[in-house]
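So you know, we letter chains A, B, ... as the sequences are listed, proteins then strands, and number each from 1.
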2 protein chains.
Amino acid sequence: MVRSNPLMIWWALSGTGTRQVSKTETATARPLTSRQLAALIGVSQSAISRAFTPGSSISSDLRSKILMAARDYGYRPNAIASMLTTRRTNIVGVVVSDMQNPFYPALLAQLTQGLQAAGLQSLFFNISPGASIEDQLHAIRTYNVDAVVIISATVLNERMLTWATEGRRSILLNRLGHEDITTVCCDNTLGFRSLVDHLFETGRRRIGYVAGFTTSGVGLVRYSAFTTRLAELGMRLVGTSTRQAYTHEAGRLSTLDLIPLEPDAIVYASDILALGGIETIRMAGRAKDIAVTGFDDIPMASWPGYSLTTYRQPVREIVDRTVELLLATDIGPPQRHTLQGELMIRATTDPAGWADVPPSA
Amino acid sequence: MVRSNPLMIWWALSGTGTRQVSKTETATARPLTSRQLAALIGVSQSAISRAFTPGSSISSDLRSKILMAARDYGYRPNAIASMLTTRRTNIVGVVVSDMQNPFYPALLAQLTQGLQAAGLQSLFFNISPGASIEDQLHAIRTYNVDAVVIISATVLNERMLTWATEGRRSILLNRLGHEDITTVCCDNTLGFRSLVDHLFETGRRRIGYVAGFTTSGVGLVRYSAFTTRLAELGMRLVGTSTRQAYTHEAGRLSTLDLIPLEPDAIVYASDILALGGIETIRMAGRAKDIAVTGFDDIPMASWPGYSLTTYRQPVREIVDRTVELLLATDIGPPQRHTLQGELMIRATTDPAGWADVPPSA
DNA sequence: ATGAAAGCGCTAACAT
DNA sequence: ATGTTAGCGCTTTCAT
């Protein structure tokens with residue numbers, strides 16, 4: 001398929017000599033090249049290159065001489081040119097599809113900072129379900145990104161996943177069920193078991209469940225960890241509901257389904273669902289007898305007005321492990337990295353109910 | 001400064017013939033080059049280039065022949081190589097510093113999608129105040145990004161701003177007070193005037209104000225629009241407070257300062273502050289007599305549990321204008337684009353009070 | 001309209 | 001340890 005490039009016309013025009021150079025478009029002199037710098041200080045061009053390449057054989061005298069000159073003359077190596085020869089870009093493609101969920105901005109922010117600290121740049125791909133995914137991801141290939149990190153891109157089917165990742169180091173975050181790509185994921189099983197344990201210990205026995213996507217790997221794992229532990233402890237599953245989304249509204253609506261079933265606790269597949277649930281439960285005046293748990297520990301979970309008991313996803317650790325894997329010398333076969341989070345006990349599982357958390361005080 | 005390249009070793013290995021090919025590391029044959037494709041179908045290499053360059057002089061016969069062959073053989077032009085000759089990257093550097101505020105993820109998501117739809121890639125820079133900003137932004141220069149979009153990067157001082165934007169098309173979003181860079185910004189003045197008008201019409205007269213940053217351009221404009229309109233309408237400013245942050249907690253705490261001053265409405269510089277304020281006001285049992293307004297219209301503002309009256313920032317329009325400016329043929333001198341938002345009237349300014357919004361029902 | 005040839009600014013053999 | 005040379009895969013004159 002031919003992809004026409006929308007900027008092309010602009011380029012074409014800006015390439016001609018006829019346009020006026022406007023004030024902002026400072027008739028920027030081309031940046032100094034290594035050859036020019038070499039001429040200026042009377043060394044070979046390759047010396048310049050070596051000076052900027054750690055571990056290359058160059059005397060520290062020459063190197064510091066060159067680096068100082070570079071600073072004085074304002075020389076910086078042109079990354080594009082070196083990409084061409086080395087076939088390395090130091091760019092990681094970061095693919096996201098769902099920024100609605102407040103969990104992702106935090107993950108994304110830390111990920112880019114982590115990559116940045118490791119000298120990697122993030123080329124950002126935000127998949128909108130509207131257009132062709134292949135079109136949206138074409139830059140992964142034409143720009144030759146070194147690696148791809150896919151953040152829970154449930155919109156990518158198996159085929160697109162393969163297309164996007166093939167031939168490059170790839171890591172799937174928060175997505176399960178792919179044998180041939182390395183994944184880094186929170187320990188969902190442990191998380192949901194902990195939550196159920198906590199509910200058990202605080203005396204809850206009739207549990208409802210609100211799912212997000214019931215078809216995704218993570219969704220399935222969470223649900224099955226939940227039900228398994230429930231059964232082990234002899235607790236009762238009074239009902240489940242889903243709107244096939246991880247949104248506040250989905251949480252609100254699903255909770256409406258469950259309240260008539262008289263649960264004494266509702267477990268939500270994620271925090272944002274739980275926040276919606278809290279609203280419904282409050283409206284129904286049931287905050288005193290229905291406990292609520294979430295998953296993720298997004299910032300809002302700890303707002304006094306919610307004080308949601310949840311399981312914290314180890315974002316820091318996920319990011320660190322991801323960067324580590326990206327930088328690793330030897331990659332080996334695809335691996336499954338499962339990182340432990342932490343149970344955050346707050347008001348919504350208080351045995352006495354949480355009707356007295358601020359908003360209703 | 002020498003930047004060591006973390007992915008180097010891996011690539012070095014994958015380049016030699018000695019490494020073991022692991023399962024993931026599909027012994028990827030180098031992608032086809034234009035020269036190779038040319039040889040395959042018996043045309044010149046430049047013909048290939050022309051086929052992919054709209055507006056170049058090539059017969060449509062030859063072009064379609066080449067494009068079909070490209071599809072069959074899986075040829076894609078190497079963007080890196082063309083960057084080197086054209087000195088254009090089609091990459092926009094997107095600089096963010098504050099992803100805490102839930103307003104930015106939405107803006108960011110739409111911006112990348114907008115850029116993507118225009119054939120531009122987003123290289124993401126998330127500034128953490130810890131490290132050297134210059135270090136964090138060095139890729140803007142070495143990667144030769146075509147343009148820079150800076151999203152309310154209050155952490156960038158004037159000098160860094162100049163350094164990051166010089167020599168390239170640059171746009172500042174949501175930041176004011178810079179004569180020499182084009183800005184695209186919501187009409188803060190109109191917004192705050194509308195909010196005050198609305199409070200006036202609904203009978204409020206004793207107004208408190210909670211600011212975010214009091215030193216930023218946007219912060220000043222918002223406050224001054226607010227006070228100006230207040231004075232015009234003869235309303236009373238009972239007090240102001242700030243914690244120098246746009247966070248839920250800052251909103252909560254600042255509101256504690258204002259309640260003793262007996263306002264009948266509090267105007268918040270942003271939604272996230274207002275949400276914190278709502279919490280404090282509820283705790284104080286004053287929801288029936290203190291109206292609340294925000295600014296931004298983040299998703300949470302419309303949650304039934306908040307139902308916050310606010311002024312919607314025209315995110316769609318801001319993004320569209322930004323992309324338009326980035327693609328424009330002729331750029332001219334720095335401009336100030338001010339886009340109108342929309343007053344969103346919800347429960348928190350109901351004359352009867354909002355004590356009955358769901359959480360306290 | 002097409003082909004040939006000369007770079008773009010760097011890295012990486014290959015010499016010395 | 002340093003310099004010389006040959007590309008990386010394109011775009012772009014310049015011929016024809």
Can you see whether A:Q116 engages A:Q121 through a side-chain donor-acceptor pair at a distance of less than 3.5 angstrom? no

B:Q335 side chain vs B:T183 backbone, donor-acceptor pair below 3.5 Å: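 A pair under 3.5 Å: no.
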
Using a cut-off of strictly less than 4.0 Å, decide whether B:R30 has a side-chain nitrogen or oxygen near OP1 or OP2 of D:dG9.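 Indeed, a polar side-chain atom of B:R30 lies that close.
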
Examine D:dC10: is either OP1 or OP2 under 4.0 Å from a nitrogen or oxygen in the side chain of B:Y75? Give yes or no. yes

D:dT12 base / B:T86 side chain donor-acceptor hit below 3.5 Å: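 In this structure, the two groups form no donor-acceptor pair.
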
So if I take residues 33-43 of chain B and measure heavy-atom distances to DNA chain C, which residues fall below 4.0 Å?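 Within residues 33-43 of chain B, the residues near DNA chain C are B:V43.
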
Could you go step by step and tell me if B:T89 and B:N144 meet the side-chain hydrogen bond (donor to acceptor under 3.5 Å, both in side chains) rule? CA-CA 7 Å; B:T89 56; B:N144 250 300; over 6 Å; no

Five-pair end axes of the helix from C:dA1-D:dT16 to C:dT16-D:dA1, angle between them (10°):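 Answer for the end axes of this duplex: 30°.
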
Which of these nucleotides, D:dA1, D:dT11, D:dG3, is closest to any side-chain atom of B:S82? D:dT11

Across the strands shown, which category fits B:R87 at heavy-atom distances under 4.0 angstrom: base, sugar-phosphate, nothing?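 The residue B:R87 makes sugar-phosphate contact but no base contact.
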
Have a look at A:L62 and say if it touches a base, only the backbone sugar-phosphate, or nothing, with a 4.0 Å heavy-atom cut-off.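 Sugar-phosphate only.
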
So how far is it from B:Q45 CD to B:L37 CG, rounded to the nearest 0.5 Å?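 Answer for the CD-CG pair, B:Q45 versus B:L37, is 10.0 Å.
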
Nearest-nucleotide check on DNA chain D, B:S46 vs A:A47; residue mapping nearer the 5' end is A:A47

salt_bridge(B:R141, B:E134) N-O dist < 4.0 Å: no

Which nucleotide of DNA chain C is the first, and which the last, in the 5' to 3' direction, to come under 4.0 Å of a heavy atom belonging to chain B?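 In short, chain B contacts DNA chain C from C:dA1 to C:dG9.
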
